[in-house]
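Right, one structure below, let's go through it.
All values derive from a computational prediction rather than experimental measurement.
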Amino acid sequence: MFLFKKYFYIIIIFLSLMNCISCVSKNSYSSIDSYAWMETDQARTNKWLLTKSHETQKILNALPWKASVVKRFNTLTAYDSQSFVRNIQRVGDNCFYLKETANYPYNRLFVKDRFGKEKLLVDPPVGYGIYNFYPSNDGKYVAYAISENGSEVSAINVINVKNRSHLSDSILGITEPNLVWTKDNSSFFYHRNDFADSDNRKSGTEEIYLHRLGTNIEKDLAIFGKVNIENYQANTDQYIDLSMSANWAIASVESSISGDTIDLYLTDYTSNLENKHWKKIIDRKQNVTNFLLRDNWLYLAKYNNFSGYTLSRLDLNHIHSREEKIIEWKKGQLTRFAASKDAIYLTYYESGKYKFVTIPFSDLHNIKPIPISDDNKVTAIFSSSDHKEILFTQQNWNMPPKIWQYDPDSQLIEDSKIIKTNASLFADYESEQKWIKSNDGELIPLTLIHRKGIKLDGNNPTWLTAYGAYGESEYPNNYDTARLIWLEKGGIIAIAHVRGGGELGPKWHHDGKGKNKINSVNDFIKCAKYLIDHRYTNSSKLVISGASAGGIVIGVALATHPELFAAASITSGMLNMSRLDQIPIGNANFLEFGSPFNKQEFNNLQTIDAYLNLREDVNYPPVMISVGLKDERVFPWQSAKFSARLNEINRTSLDKQVLVIANEDAGHFVNNFVNMMVFFMWKTNITD
């Protein structure tokens, strides 16, 4: 009888526990969620979104200034006689790159020889784009990843550079190729997800395989993964990279989308990597975020206790020896980390000041600053292990990117003349940075871009944006001439560098993630109030926008402080965070935002859930929601539920429209700039 009672109580406790877990994992509000059906009925949800989208297009197309905005956008974004070049890679005497032109406004793969003769290698078919490319060490072949527009799943193809003929090798279902050629250039290593397909961005096992040219991919050998490493969690790791020197191979593993730190595994590479034993030499708890492998040395960049970074090196022949410190700084992010034939090149922020330096391998303590123009940033470094010279891209908020060549021997910086730039477009505009005190006293950087000599009369249309997640920094990496559409109308562009980003180092990210995520929202609201209080604008002229994880900040700010804003635009937004586990990238985001399966973290997710924060009888401003129906990261139902709920609340007000733009062919990265500008001009009473 005693045993019966004992097991009876155990069963009762077990059932109670399961019920409690169910309440958390299913989200206890689901019983009163009027739009829960949107999560499961994809066809009906997409139909709803498309219906709303058609209604929105009719409204926008009827606005008298729509045509002029489209015309100005086309003028500003036309390539004209200029071309746009990216991802430059130098191999021997050849230079490979992707280029866009006026007649071909999409990535095409080119090679230029030592005589400056350019040759087109790959012109992708209509509806497809080149994701990335990987020349072999001798420049004979180029493997490239190509995907259907809107999809993040690609195929690897290989082309012979000399005769431009494709090899029979084609590997499908690739999410992140991370391809590295072998020493003899007859094979390559690549990152593969066994179950990757067009409907599921993240599933199956993440491992590194070896493919030999001309062989069946079914015979490809897994050289790094669950077969080779004990307790390797192959189905939870998102990114795997491989680096090799003459004697060593290093595999790096990140645990999630927000996994800043990495594990490093080492094996010798004196012959090949088949059936090798990999030894973990760096655990992610050691806070290493970046590395370089050169000869027998491993160069490590890691977080330090000052919210900055420490760069050191480790002798791989004596991996238990003490690391040698090279450079250290406080309160700032590492933005670029590259190496040439004879030196390391670093760009980073130190207490708000931008630095660009080179560190020779032959004299690691001879750190040389590289001068760049005032207020400019290095947004790309193109280096090669067989060239001393490097190329780098320099730009700022109002200056287009220009590619320069740096010679370490002469220390000369010269125009590479790879692309021509027109710096006159933003000649009448300037940028400035303010520091805004947040709720807890932390100072938040706020970038402002506006016409020179602007009057602070409280009546300037102002467009405020933010992202604030994954330690990503909002710096001028993308020069966008289309922004002139807003600036030319007397508008101000404001970028709130809220916590959760990486602008002021690792702590800046930490203080805006997980239980601290609400800081991102508070920072944003304080920036909005600053713009109003200091007469840059007023609430009837202040519009806000954000995309993806930036939708958390914009959505919650809108839901909790609607009185501050004239309108909002959210693209591919994460708007129903309590249901984080129900989207493709949900599990990988638990580290960044919290898990719905943990009671306290679930409570935190509810706090930053824009959908749940919407309230009846609140006067919300007009909102535009943009979504791609092929989104493989954040399912479209998150946008649909938010739109439907907001529309229900605002149903009695014709002036508080909830507009929807749904693109059937787009994925997560939706471009809805023109419609957003038309919408913002409408809601701030900008006349054409």
side-chain contact (heavy atoms from CB on, under 4.5 Å) between I449 and N398, intermediate numbers included: CA-CA 8 Å; I449 306 168; N398 300 320; 3.4 Å; yes
Go through the steps for I661 and V627 under the test side-chain contact (heavy atoms from CB on, under 4.5 Å), then give the verdict. CA-CA 6 Å; I661 298 291; V627 61; over 6 Å; no
For the pair H497 and E474, evaluate side-chain hydrogen bond (donor to acceptor under 3.5 Å, both in side chains) and give the outcome as yes or no after the intermediate values. CA-CA 6 Å; H497 304 281; E474 292 292 281; over 6 Å; no
Passes salt bridge (Lys or Arg N to Asp or Glu O under 4.0 Å), E39 versus R579? Steps please. CA-CA 10 Å; E39 299 184 22; R579 304 292 286 164; 2.8 Å; yes
Evaluate the salt bridge (Lys or Arg N to Asp or Glu O under 4.0 Å) criterion for residues K517 and E592: first the C-alpha distance (whole Å), next the side-chain angles of each, then the deciding distance (0.1 Å), finally the verdict. CA-CA 9 Å; K517 185 59 189 172; E592 181 73 20; 5.4 Å; no
Would you please test K66 and N61 for side-chain hydrogen bond (donor to acceptor under 3.5 Å, both in side chains) and show each step? CA-CA 6 Å; K66 171 71 180 287; N61 290 339; 2.8 Å; yes
Full working for side-chain hydrogen bond (donor to acceptor under 3.5 Å, both in side chains) between T335 and T347: CA-CA 5 Å; T335 56; T347 62; 2.6 Å; yes
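Remark: the backbone N or O of S373 is paired with a side-chain donor or acceptor of Q394 at under 3.5 angstrom. Within the 3.5 Å criterion, the main-chain N or O of W637 finds no donor-acceptor partner in the side chain of T45. The closest donor-acceptor contact from the side chain of H54 to the backbone of L50 lies under 3.5 Å. The backbone N or O of N287 sits nowhere less than 3.5 Å from a side-chain atom of T261 that would complete a donor-acceptor pair. In this structure, the side chain of H534 engages the main chain of Y530 through a donor-acceptor pair within 3.5 Å. Side-chain N or O atoms of S307 include one that pairs as donor or acceptor with a backbone N or O of K507 at under 3.5 Å. With T684 contributing its side chain and K541 its backbone, the two residues share no donor-acceptor pair below 3.5 Å.
Looking at E55 and K58, no side-chain N of the basic residue comes within less than 4.0 Å of a carboxylate O on the acidic one, giving no salt bridge. One finds no salt bridge joining K302 and E328 here, because no Lys/Arg side-chain nitrogen approaches an Asp/Glu carboxylate oxygen to under 4.0 Å. Of the charged side-chain nitrogens involved, at least one lies within less than 4.0 Å of a carboxylate oxygen, so that D440 and R499 count as a salt-bridged pair. Between K331 and E350 there is no salt bridge, since none of the side-chain N atoms of the basic residue sits less than 4.0 Å from a carboxylate O of the acidic one. Ion pairing between a basic and an acidic side chain is recognised when a charged N comes within 4.0 Å of a carboxylate O; K630 and E664 show no such pairing. Using a 4.0 Å cut-off between charged side-chain N and carboxylate O, K434 and E432 make a salt bridge. Using a cutoff of 4.0 Å between basic side-chain nitrogens and carboxylate oxygens, K529 and D533 are not scored as salt-bridged.
Here the two rings, on F642 and Y611, have centers that are 6.0 Å apart or farther. Between F565 and Y620, the gap from one ring centroid to the other reaches at least 6.0 Å.
Rounding to the nearest 0.5 Å places CD1 of I570 at 12.0 Å from CE of M624. The distance from atom CG of N672 to atom OG of S545, rounded to the nearest 0.5 Å, is 11.0 Å. A distance of 8.5 Å separates CD1 in I444 from CH2 in W435, rounded to the nearest 0.5 Å. Here the straight-line distance linking atom CH2 of W48 with atom CG of D41 works out to 13.5 Å at 0.5 Å rounding. The CG atom of L564 sits 12.0 Å away from atom SG of C527, with the distance rounded to the nearest 0.5 Å. To the nearest 0.5 Å, the span separating CD1 on I544 from CG on L558 amounts to 5.5 Å.
N460 and T462 share no donor-acceptor pair across their side chains, judged by distance under 3.5 Å alone. Neither side chain, S595 nor E601, offers a donor N or O lying under 3.5 Å from an acceptor on the other. Side-chain atoms of K52 and Q57 include no donor-acceptor pair closer than 3.5 Å. Between N519 and D511, the side chains place no donor N or O within less than 3.5 Å of an acceptor N or O (distance only, hydrogens not considered). Using modelled atom types, one finds a donor on one side chain and an acceptor on the other under 3.5 Å when comparing K641 with N576. For S438 and D523, the side-chain atoms include at least one donor-acceptor pair closer than 3.5 Å. In summary, the side chains of D609 and S578 do present a donor paired with an acceptor at a separation below 3.5 Å, with no hydrogens or angles considered. Side-chain contact of N589 with Y470: a donor-acceptor pair under 3.5 Å is present, judged by distance alone.
Remark: of the listed residues W329, F356, Y309, W329 is the sole one forming a ring pair (Phe, Tyr, Trp, His ring centres under 6.0 Å) with Y348. Exactly one of M577, R633, M574 qualifies for a side chain to side chain contact (heavy atoms under 4.5 Å, CB included) with I583. That residue is M574.
Using a 4.5 Å heavy-atom cutoff, the side chains of T537 and I492 are not in contact.
Looking at every heavy atom in both residues, S540 comes nearest to A566 through O-CB, 3.3 Å.
Seen from the ring of Y429, K452 does not count as a face-on cation partner, given the 6.0 Å and 45° thresholds.
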